[in-house]
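Nothing fancy with the numbering, it's 1 onward along the sequence.
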Amino acid sequence: MSEASTHPWDDDKFHEECGVFGVWNVTDAAALTALGLHALQHRGQEAAGIVALDQAGIFHSHRARGLVGENFSDKKVIDSLPGRAAVGHNRYATTGETALRNVQPLFADFEFGGFAVAHNGNLTNANVLKRELVKRGSLFQSTTDSELFIQLMAISLYSAVEERLIDALRRVQGAYSLVALHNKALMGARDPSGVRPLVLGRIGPEDGAHSWVLASETCALEIVSADFVRDVEPGEIVIIDDTGVRSIKPFGRTGSRFCIFEYIYFARPDSVMEGIPVYETRKRIGAELARESNVPADVVVPVPDSGVPSAMGYATEAGIPFELGIIRNHYVGRTFIEPTDQIRNLGVKLKHSANRAVLEGKRVILVDDSIVRGTTSKKIVEMVRAAGAKEVHMRISSPPTTYSCYYGIDTPERGKLMAAQHDLAEMARIIGVDSLAFISLDGLYRALGRPARDAAKPAFCDACFTGDYAIPLTDSLESADRQLSLLHSAQ
Ligand code: SF4
């Protein structure tokens with residue numbers, strides 16, 4: 001399970017997981033990978049890494065804590081990563097501590113040569129597998145679950161890289177979108193439920209041959225001028241080499257359960273995921289929200305930045321003016337000041353300011369994407385009231401988040417999720433609003449172009465709203481069993 005965020009400015013959000021990127025057959029592969037990672041920076045800000053493969057078959061890597069711009073804007077660093085193929089990773093620590101040894105891409109030397117892998121997602125049987133492997137002699141170099149791909153490949157009895165990877169993927173449970181690089185190919189893989197995104201893009205042709213890109217989101221294709229080809233399918237492995245792209249689907253078909261929260265909050269608004277444009281979807285969610293729970297008001301105000309498109313959709317549907325009543329300071333960096341408790345309390349004010357000219361004397365509808373612990377919402381409402389708002393109504397473009405995510409999103413434990421602990425009226429009282437409403441689950445599905453949620457076969461993963469976990473939570477169940485048996489033995 002994930003670590004708590006230590007970042008004071010937005011520690012009351014679910015946090016993005018990681019971003020992965022890979023290129024094949026391009027000049028300056030590392031520079032392009034740095035650009036791709038930069039476009040995916042919203043998916044992870046703790047560390048970034050690139051592994052490049054040069055023409056002589058030698059791998060070069062640079063991995064460091066911090067942002068992509070901090071680590072890869074120096075030409076000397078890019079020059080130290082020569083080659084026409086590379087993979088990269090932005091890390092948000094969903095498992096394992098934030099030590100350099102956990103920064104990806106991970107790399108290992110096999111008898112077939114070097115192998116680098118970057119993972120977005122979270123494995124739900126990692127502890128069980130790790131114990132088994134350690135017992136049989138595997139020496140883990142990191143504390144991240146992503147190392148399991150390498151360790152499982154290392155004990156595979158197959159000799160071909162592809163077969164070894166398939167062998168490893170058969171053993172793991174959970175969510176994964178991978179990019180991997182070895183001497184002969186760039187590979188991409190998605191778990192059979194396709195929880196996390198991965199897209200294929202193409203550049204070129206350069207010298208008569210196409211160049212290929214794999215990325216977590218389409219916004220990373222844009223920045224390197226690649227054309228979107230398609231989403232990598234759930235359960236699919238794509239193998240890209242000088243002959244082109246091959247696809248294998250070794251795991252049979254299971255229902256796709258793409259993370260519905262990507263549309264609400266995680267993805268960049270200019271991305272298109274599984275054929276659905278994120279920005280338009282957020283506006284449609286806002287319109288649904290207005291249809292479901294509008295109240296008379298003077299202004300619709302987004303909690304920036306992620307609340308903006310849904311507030312626009314809400315305002316248009318409700319016929320109420322959209323105004324920027326809260327201004328975000330984009331220059332609050334993590335290096336600004338140390339996050340002492342005092343500064344932590346000031347965090348919301350450092351990041352957001354109330355625009356008194358818009359708010360004073362007004363009945364305000366505040367639109368935000370989610371309520372996690374509720375602490376930030378409370379402070380924002382206090383700030384809006386202090387700026388003279390007459391009434392404050394909060395509208396949320398996700399259903400109440402009542403369960404934790406085990407598939408690669410940093411969420412607090414269930415006991416800290418406000419909606420898991422309080423009913424709507426209590427939440428409204430604690431946050432200090434005149435009224436509070438969340439979009440319904442069916443409304444969310446409607447905004448995504450479905451008639452409603454089909455409980456027998458949901459089209460998306462929505463477990464943080466429903467508790468309907470499609471992929472077994474093996475580690476969590478096992479740890480609950482252990483605690484229970486410890487309790488029994490203590491009695
Ligand atoms: Fe996304 Fe929620 Fe499913 Fe996690 S539990 S993958 S955040 S929808």
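Under the 4.5 Å side-chain criterion, counting only non-hydrogen atoms from C-beta, S397 is not in contact with Y314. The closest side-chain heavy-atom distance from L444 to Y263 is not below 4.5 Å. For the pair I371 and P400, the minimum side-chain heavy-atom distance is 4.5 Å or more. Side-chain contact between M394 and V384 is absent, with no heavy-atom pair separated by less than 4.5 Å. For the pair R43 and P197, the minimum side-chain heavy-atom distance is below 4.5 Å. With contacts defined as side-chain heavy-atom distances shorter than 4.5 Å, the pair R230/S247 qualifies. A heavy-atom distance below 4.5 Å is found between the side chains of V229 and W212. Counting heavy atoms from C-beta on, the side chains of P302 and L324 come closer than 4.5 Å.
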Pair I203-L32, side chain to side chain contact (heavy atoms under 4.5 Å, CB included): steps then yes or no
CA-CA 11 Å; I203 311 175; L32 249 64; 3.8 Å; yes
Decide side chain to side chain contact (heavy atoms under 4.5 Å, CB included) for D241 and K184; before the verdict, give the C-alpha distance in whole Å, the side-chain angles of both, and the deciding distance to 0.1 Å.
CA-CA 6 Å; D241 59 21; K184 301 274 184 300; 5.8 Å; no
Would you check, one step at a time, whether the test side chain to side chain contact (heavy atoms under 4.5 Å, CB included) holds for L214 with W24?
CA-CA 9 Å; L214 288 167; W24 182 262; over 6 Å; no
Quick one, V278 with M273, criterion side chain to side chain contact (heavy atoms under 4.5 Å, CB included). Give me CA distance, side-chain angles, the key distance, then yes/no.
CA-CA 7 Å; V278 173; M273 310 202 109; 3.7 Å; yes
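The distance from atom CD of E274 to atom SG of C259, rounded to the nearest 0.5 Å, is 11.0 Å. The line from CD of E317 to CG of L289 is 10.5 Å long, rounded to the nearest 0.5 Å. In this structure, CD1 on I285 lies 11.5 Å from CD on E280, to the nearest 0.5 angstrom. Between the OG1 atom in T466 and the CZ atom in F460 there is a gap of 13.5 Å [rounded to 0.5 Å]. Summarising the geometry, atom CG belonging to N120 is positioned 6.5 Å from atom NE2 belonging to H89; distances are rounded to the nearest 0.5 Å. To the nearest 0.5 Å, atom CZ of residue R101 and atom CG of residue L106 are 11.5 Å apart.
The shortest heavy-atom contact between F261 and S370 is CZ-CB, 4.0 Å. Among all heavy-atom pairs drawn from F21 and A215, the shortest one is CD1-CB, 3.7 Å. Nearest heavy atoms, L100 versus R63: CD1-O, 3.5 Å. Nearest approach of F59 to F115, heavy atoms of both residues: CZ-N, 4.5 Å. Shown here for A34 and I78, the closest heavy-atom pair between the two residues is CB-CD1, 4.1 Å. In terms of heavy atoms, G113 sits closest to N183 at CA-ND2, 3.9 Å.
No more than 12 heavy atoms of other residues, nucleotides or ligands lie within 6.0 Å of CD in E222, so this atom counts as exposed by the packing criterion. Around atom NE2 of H62, more than 12 heavy atoms belonging to other residues, nucleotides or ligands sit under 6.0 Å away.
Between the T218 side chain and the V272 main chain, a donor and an acceptor come within less than 3.5 Å of each other. Of the possible polar contacts, none joining the S306 side chain to the Y265 backbone as a donor-acceptor pair under 3.5 Å is found. For S177 (side chain) and R196 (main-chain N/O), a donor-acceptor pair under 3.5 Å exists by modelled atom type. A donor-acceptor pair is defined here as one N or O able to donate and one able to accept, closer than 3.5 Å; no such pair exists between the side chain of R373 and the backbone of K416. Side-chain atoms of N90 do not come within 3.5 Å of backbone N or O of G19 as any donor-acceptor pair. In this structure, R257 contributes its side chain and S193 its backbone to no donor-acceptor pair below 3.5 Å. Side-chain atoms of N25 come within 3.5 Å of backbone atoms of H210 as a donor-acceptor pair (strictly under, hydrogens ignored). Without hydrogens or angle criteria, Q104 side chain to H119 main chain gives a donor-acceptor distance under 3.5 Å. Looking only at distances, no side-chain donor or acceptor of T401 sits under 3.5 Å from a matching main-chain atom of C464. Of the possible donor and acceptor atoms, one in the side chain of S216 sits under 3.5 Å from a partner among the backbone N and O of V20.
Judged purely by distance below 3.5 Å, without hydrogens or angles, the side chains of Y407 and D191 never pair a donor atom with an acceptor atom. Counting only N and O atoms by type, the side chains of N329 and S353 include no donor and acceptor under 3.5 Å apart. Inspection of the D54 and H60 side chains reveals an N or O donor paired with an N or O acceptor under 3.5 Å. Between the side chains of T144 and S142, not a single donor N or O lies within less than 3.5 Å of an accepting N or O.
Partner of S61 under the side-chain contact (heavy atoms from CB on, under 4.5 Å) criterion, chosen from I50, V51, V87: V51.
Ion pairing of E70 with R65 is absent here, as no side-chain N (NZ or NE/NH1/NH2) approaches a carboxylate O to less than 4.0 Å. Using a 4.0 Å cut-off between a side-chain N of Lys or Arg and a carboxylate O of Asp or Glu, E217 and R268 do not qualify as a salt bridge.
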